[in-house]
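The block underneath contains the structure these notes are about, expressed in structure tokens.
Below, chains carry the letters A, B, ... as their sequence lines are ordered, and counting in each starts from 1.
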Protein chains: 2
Amino acid sequence: MTEIDIKILLVDDHAIVREGYRSLLQKQPNLTVIADARDAAEAYQNYKTFQPDVVIMDISMPGQSGLEAISRIRQYDAQARILVFSMHQNPSFALQAIRAGALGYVTKSSDPTLLIHGIFQVYENKLSLSPDIAQALALEKLGQDKARLDDLTVREFEILRLLLEAKNNQQIADILNISPKTVSNSHYIIKRKLEVNSDIELTRLAIRMKLLNLRDLIDEAE
Amino acid sequence: MTEIDIKILLVDDHAIVREGYRSLLQKQPNLTVIADARDAAEAYQNYKTFQPDVVIMDISMPGQSGLEAISRIRQYDAQARILVFSMHQNPSFALQAIRAGALGYVTKSSDPTLLIHGIFQVYENKLSLSPDIAQALALEKLGQDKARLDDLTVREFEILRLLLEAKNNQQIADILNISPKTVSNSHYIIKRKLEVNSDIELTRLAIRMKLLNLRDLIDEAE
DNA sequence: CATCACACGGGAAATTTGCCCGATGTCCAT
DNA sequence: ATGGACATCGGGCAAATTTCCCGTGTGATG
């Protein structure tokens, strides 16, 4: 076995988490944390300065997102090996991270050994996804979200939009010149087609589908 | 100076974060981590078993919430000193945590020394809020939208959170060990207090209040 | 012209909502 | 320790809504 020593750059905005990485990674003989960073800009700078073998990156950081940092680093060095370590179970995050140029995606809630394993995988230029994400992504490939929306008829879609504006059946009936009964029937059909069983779920789905204009909803930035 | 040694119970569902605490706290001579837990039930059990001086608790955990754990522990020991260490900047979370019986609330993004400082404060039965939260809480007094949110009792707030996760009455009842009827009653009271007429409106309000984590909801960055 | 998808809405059962109530528990101040 | 103010929990029940199935009319299409 050759002597390998993987140089790592840590990127996370939470000091406590960086501390956790260090403690965990220090126990591995072949890994050395050579630098860290708390935001996207610092990550980019330190990548250029320290030329790490693997970058471990959190993608939910204030200001510039981790995804942006991934793109920047990959633009500077197309060979950069980046492993995303995120709290988001949402497979779409993983997909975006991979698209942006990450080689791995491991959720924070998975077993820490998966992180170690991921580092070695990524070091060897291999894709590494934690099992929960891999499975979710596979399921998602079986494609449903967008397709289901397309199942709605034009009228149903129209009614959905009005429902999402928190209008009641009577108001919608007045707007469309139909009976409130028809509205409520459509409401039911919409939920069935979209495979949700409550209005809360419906609203969440609508947000994901960008049917609901978030900017109309949110006054303040964070 | 007398010899003090504060025994700590760590509660967080992420292994990496527990690792971070350990590493950080170990450096403090007067602090000893005597146990940890990854969910509310385990937290309660380990509190009884190990009788720690201070509990450090994350409140966003799967299943039973941290708020529930706080209540349970305080019910068992009214003197329990609990410091919440949370990723939520939303001051309403802090307020509810304090109401549930926590003595401190520090955000994960604050400087780690604040956590240490908070531990000593709480150990001495003093309230401890990280500056960002204290300020936000003060500012909030000037607002009015948030005021309605604060009208909710701790229990109602907790039920609201579960409702927003699109759980049905039976699921929430199972999680909180109450009857589905109580859940539906609370659901109604919540809507009345927040002055909304439908679940869609409720969800929209929750988004504006940032009770709903948009990052968990949205697929694509913008 | 036959069919097929769609819009519309009635009917009836099942469920939820809206609002009431009382029992119990806890905290706090007198 | 006693009273009062809340808070939690859930039963009851009428009114309202949802859920599900149904039929009708209409317009497009093969």
(Q) Reading DNA chain C from 5' to 3', where do the contacts with chain B start and stop? Cut-off is 4.0 Å to heavy atoms. (A) dG18(C) to dC19(C)
Q: Respond yes when some side-chain nitrogen or oxygen of Arg155(B) is under 4.0 Å from OP1 or OP2 of dC9(D), and no when none is.
A: yes
Q: Could you check how far CD of Gln170(A) sits from P of dT17(D), rounded to whole Å?
A: 10 Å
Q: State whether Thr182(B) places a side-chain N or O below 4.0 Å from either non-bridging phosphate oxygen (OP1 or OP2) of dC9(D).
A: no
Q) What is the distance from CD1 of Ile189(B) to C1' of dT8(D), rounded to the nearest Å? A) 12 Å
(Q) Output the rounded distance in Å from CZ (Arg192(A)) to P (dT19(D)). (A) 10 Å
Q) Between atom CD1 in Ile190(B) and atom P in dA7(D), what is the gap in whole Å? A) 14 Å
Q.
If I take atom CD1 in residue Ile172(B) and atom P in nucleotide dG10(D), what distance separates them, rounded to the nearest angstrom?
A. 14 Å
**Q.** Under 3.5 Å donor-acceptor, Asp36(B) side chain and Asp12(B) backbone
**A.** no
Q. Would you call Lys191(A)-Glu156(A) a salt bridge at under 4.0 Å N-O?
A. no
Q: Send over the distance from Asp199(B) CG to dA16(D) P, rounded to a whole Å.
A: 19 Å
(Q) I'd like to know if Asn185(B) reaches the base of dC9(D) with its side chain, counting only an N/O donor and acceptor under 3.5 Å. (A) no
**Q.** Pairing of Asp151(B) and Lys193(B) as salt bridge, 4.0 angstrom limit
**A.** no
Q | Nearest-nucleotide comparison on DNA chain C, the residue closer to the 5′ end among Ile159(A) and Asn197(B) | A | Ile159(A)
(Q) I want to confirm an ordering. Mapping Ser186(B) and Ser184(A) to their closest nucleotides on DNA chain D, which one lands closer to the 5' end? (A) Ser186(B)
**Q.** Distance below 4.0 Å between Lys181(B) side-chain N/O and dC9(D) OP1 or OP2
**A.** no
Q. Tell me, which pairs form a ring-ring contact (aromatic ring centres under 6.0 Å, His included) where one or both residues lie in residues 162-203 of chain A, sequence neighbours left out?
A. none
Q. For Lys191(B) and dT17(D), what is the distance between atoms NZ and C1' respectively, to the nearest whole Å?
A. 11 Å
**Q.** Arg155(B)/Glu158(B) salt bridge by N-O under 4.0 Å criterion
**A.** yes
Q) Would a distance-only check, ignoring hydrogens and angles, find a side-chain to backbone donor-acceptor pair under 3.5 Å from Glu195(A) to Arg192(A)? A) no
Q: Let me know, please, whether Gln75(B) or Asn169(B) comes out on the 5' side of the other along DNA chain C by nearest nucleotide.
A: Asn169(B)
Give the table of side-chain donor-acceptor pairs shorter than 3.5 Å for residues 169-177 of chain A, with sequence neighbours excluded, one pair per line with atom names and distance.
unit_1	atom_1	unit_2	atom_2	d
Gln170(A)	NE2	Asp174(A)	OD1	3.0
Gln171(A)	OE1	Asn168(A)	N	2.8

